[in-house]
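Encoded as structure tokens, the structure appears first; notes follow it.
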Amino acid sequence: MLLQIENSLKEVVYSQKVKASKGLNKHVYDLSISKATADNWKNKDKKLKLEEAKNGKYYLPISINKISIQKGKEKVVTDLEIIESK
């Protein structure tokens, strides 16, 4: 299965192939994005405040994004809302 997160500009900011088996599955994601993704996003959205964290990572900002899970031709999409930054 493919797990993807798109920002408000409809750009994929996170993509990961995940193994899934019948039943309940879990995928841990710390909401970090690559520096290249962060730089690209900041270049296209000048109002975006996206800075490097103390640990050297970039994280999804307060925003509403789309998260999708796709297996074959089936795809489920829902909102992923980041409401607080710590």
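Connection of Leu31 to Val18 is established within a shared hydrophobic cluster, with ILVMFWY side chains joined at heavy-atom distances below 4.5 Å, either directly or through further cluster members. A single hydrophobic cluster is not seen to contain both Val12 and Met1; linkage of ILVMFWY side chains at heavy-atom distances under 4.5 Å, directly or through other members, places them apart. Under a hydrophobic-cluster definition in which Ile, Leu, Val, Met, Phe, Trp and Tyr are linked whenever side-chain heavy atoms come within less than 4.5 Å, directly or via other members, Leu2 and Val77 are assigned to different clusters.
Rounded to the nearest 0.5 Å, atoms CD1 (Ile67) and CD (Glu81) are 13.5 Å apart. To the nearest 0.5 angstrom, Ile5 atom CD1 is 5.5 Å from Leu60 atom CG.
Listed by first and then second residue, the side-chain hydrogen bond (donor to acceptor under 3.5 Å, both in side chains) pairs involving residues 33-42 are Ser34-Thr37, Lys35-Asp39 (not counting sequence neighbours). Sorted by first and then second residue, the side-chain hydrogen bond (donor to acceptor under 3.5 Å, both in side chains) pairs with a member in residues 62-71 read Ser63-Asn65, Lys66-Asp79; sequence neighbours excluded. Applying the side-chain hydrogen bond (donor to acceptor under 3.5 Å, both in side chains) test to pairs two or more places apart or on separate chains, those with a residue in residues 49-60 are Asp30-Lys57, Asn55-Tyr59. Applying the side-chain hydrogen bond (donor to acceptor under 3.5 Å, both in side chains) definition to pairs two or more places apart or across chains, those involving residues 20-29 are Tyr14-His27.
Proximity of Ile83 to Ile62: side-chain heavy atoms (C-beta onward) are nowhere separated by under 4.5 Å. When side chains are defined from C-beta on, Ser15 does not count as touching Leu3, because their heavy atoms never get closer than 4.5 Å.
Every residue meeting the salt bridge (charged side-chain N to carboxylate O under 4.0 Å, His left out) condition with Lys44, not counting sequence neighbours, appears here in chain and number order: Glu11.
For the pair Pro61 and Ile82, the tightest heavy-atom approach, listed with the atom from each and the gap, is O-CB, 3.4 Å.
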